[in-house]
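To start, the structure under review is shown below, and the notes come after it.
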Number of protein chains: 2
Amino acid sequence: MIGIKDIAKIAGVSVSTVSNVLNGRKNVGKATRERILQICAEQGYHPNIMGKNLKTGRKNTIVFNFSEFDRYFYLKIINGVHDYLKDNDYDLIICTDKSSKNFMRSSFASGAITLDRKLSDDFLKSVSGKNFPIILMDRVIDTEYTKSVIVDNYTVMCELVQALVNKGFKRFGFIGGPDYTLDNKERFAGFEDTLKKNNIPFDYKYYFHGNYREESGYQAVKIFILSHSLPEVLVCANDDMAFGAIRALEENNIRVPQDISVTGFDDGDLAEMVGLTTVSIPRYESGYLAAKELLEMIGGAVNAGPFKFSAKINWRGTVR
Amino acid sequence: MIGIKDIAKIAGVSVSTVSNVLNGRKNVGKATRERILQICAEQGYHPNIMGKNLKTGRKNTIVFNFSEFDRYFYLKIINGVHDYLKDNDYDLIICTDKSSKNFMRSSFASGAITLDRKLSDDFLKSVSGKNFPIILMDRVIDTEYTKSVIVDNYTVMCELVQALVNKGFKRFGFIGGPDYTLDNKERFAGFEDTLKKNNIPFDYKYYFHGNYREESGYQAVKIFILSHSLPEVLVCANDDMAFGAIRALEENNIRVPQDISVTGFDDGDLAEMVGLTTVSIPRYESGYLAAKELLEMIGGAVNAGPFKFSAKINWRGTVR
DNA sequence: TTGTACGCGTTATCAG
DNA sequence: CTGATAACGCGTACAA
């Protein structure tokens, strides 16, 4: 590995001179500067970030963390994070659950954005601090150095269900995600509360515990069919389960939306293609915003409570 | 920031004793060991990764690199990489173009898997070496310490086109990706060679230069329509462009597959949903394999030429 | 069993 | 304008 020493030796100068050139200081002669830059380019030299950070204590690296590989919208979030950080001259490294424990440290990075429910609240609390703020995108922990940036699931779900009620639907079904996810809790709460408000009873035989995967939506409908009773409208906690539900319905010659209406949540690329009525979440923007909030906290801003960004309903063909 | 020195001071021992305890060496008395661990826990001490790596060089971290956020299959590849590395007790960190320059170094990681055409051949060559082998998933550079693991685009495209020829198609169109991507070059070569082999002329007015995005497939068809001539079958270099093409066709009341057939390449989740005839690429497996090859190179194996994994045609409804 | 001295790659300080 | 040297936090010989 070629280091600053090697460059200095080749150029016949001292390491300090090379360092000065590399850091754009003005106290180096033009000829020397150019010769050194030339050599660096030729040798493909890049400063060792370890040595650099060790000395300066300054870091400009942010860790993003996730561990589920079948949620494609993560890439959109990462894209938003990436763009904001790039504009502000921060490096982004993305870790999965295992490596997170090693790199989510203030000695390595200056903050983190996390979207990984495998990381425990305790871990996140213990690792966060004044010089290591954390943005949480999958939960709310209200401490001084952690801030949540999450979807306002509840409000939009209330809107969605209210609109369905207004259309005259009475028998509702719900295909939920795992109970321990905040998203599902909020989405179901909005669903349930709105029905209650409209004095529409919800029969829990129409609740299915899914896992956000297509297959579980498929299973849900198969089970509903086996029990010989289908709701009029099936509200799904995400798109993938809605797709699974639709697949099962089609296989059983139950028409969408003539016989049953279906809604999703996410508005991924497939949703538009398939014509699914769903909730559109500004993923890119949420990542961008999360990064912005993080940098502000690094700059000393204090957590002023969770930030909830709003989502929007996209009405398409799967609702009568 | 509390360091090893502080722990040593509090415990009233030397730093090396603390270091020995932390690294599980046997040369420390039981009482001392326990007292030190106790203090570390109390103080919330974690070794500074920078200092640690500077000395030892991380020996079990792999860098994965990408920089395009709208190619969802990247997550599948990453999933495969992640699983193999996890089983072999390596950490994975994912970098984008900018941070790559900092972290793709033997002083930080022990190898890399790259899928980012923003990284130049020269950069990859210069950074690779005996202590830093690189697996390339987007190009072929044949050096001792870089190995390519790529899709065998050519063979499967030949198969696809031959099958289309056998079905009786004569007027072919091609919507390609960027010329500088290996994928597109190979896919087009397979397309062109097979037509030639069958003495079927290819009219270059039916070639459209796209960019792998849905929109460019849409534009391609709009332009074909404006020129008042459509091919019988439209071979697209990836699924997304095929979707765009289909959207434009539908908007113009041109039926797929009755009026025109369409094929894609990738077999993403949408393809199955939409019923697109396309080429299925084992993404997860390719990531898994890339990781396996990398660890073998780290173990001293030499590059024995590019590894091409084969893809498979999935015939669905968009071909007559 | 514990302590000392040194090196890792870099930057900052200060002397020349 | 340039160079020598001391940090930074940690691991590891080797000495005590």
Is any side-chain nitrogen or oxygen of A:T17 closer than 4.0 Å to OP1 or OP2 of D:dG3? yes
Under 4.0 Å between a side-chain N or O of B:Y45 and OP1 or OP2 of D:dC10? yes
Using a cut-off of less than 4.0 Å, is there contact between a side-chain N or O of A:N53 and OP1 or OP2 of D:dC8? no
May I ask you to say what A:V13 touches in the nucleic acid, namely base, sugar-phosphate or nothing, with a heavy-atom cut-off under 4.0 Å? sugar-phosphate
Nearest-angstrom distance from the residue atom CE of B:M50 to P of D:dC10: 12 Å
Consider the side chain of B:N23, meaning its heavy atoms from C-beta on, and name the nucleotide among D:dG11, C:dT11, C:dC8 that approaches it most closely. D:dG11
Presence of salt bridge, A:D121 and A:R139, under 4.0 angstrom: yes
Of the options B:T181, B:D240, B:D70, which is the one that meets B:Y212 in a side-chain hydrogen bond (donor to acceptor under 3.5 Å, both in side chains)? B:T181
Closest to the 5' end of DNA chain C, once A:K55 and A:K5 are matched to their nearest nucleotides, is A:K5
Test: A:K130 cationic atom under 6.0 Å from A:Y145 six-membered ring centre, within 45° of axis: no
What integer distance in Å separates B:I7:CD1 from D:dG11:P? 13 Å
Any B:R33 side-chain N or O less than 4.0 Å from OP1/OP2 of C:dT1: no
Just call it for B:I4: base, sugar-phosphate, or nothing, with non-hydrogen atoms closer than 4.0 Å on any strand. sugar-phosphate
Distance below 4.0 Å between B:R25 side-chain N/O and D:dG11 OP1 or OP2: no
Which residue lies toward the 5' end of DNA chain C, B:N27 or A:S19, if each is placed at its nearest nucleotide? B:N27
May I ask you to verify if any side-chain N or O of A:N20 is less than 4.0 angstrom from the OP1 or OP2 atom of D:dC1? no
Is it the case that the base of C:dT4 and the side chain of B:S16 share a donor-acceptor contact (distance under 3.5 Å, atom types as modelled)? yes
Specify the separation, in whole Å, of atom CD1 of A:I49 and atom C1' of C:dC8. 16 Å
Please answer whether the main-chain N or O of A:G177 pairs with a side-chain N or O of A:N184 as donor and acceptor at a distance below 3.5 Å. yes
Whole-Å distance, A:I36 CD1 to C:dT10 P, equals 14 Å
Looking at A:T32, does any N or O in its side chain come under 4.0 Å of the phosphate oxygens OP1/OP2 on D:dT2? yes
Should B:E144 and B:K125 count as an ion pair when the cut-off is N to O under 4.0 Å? no
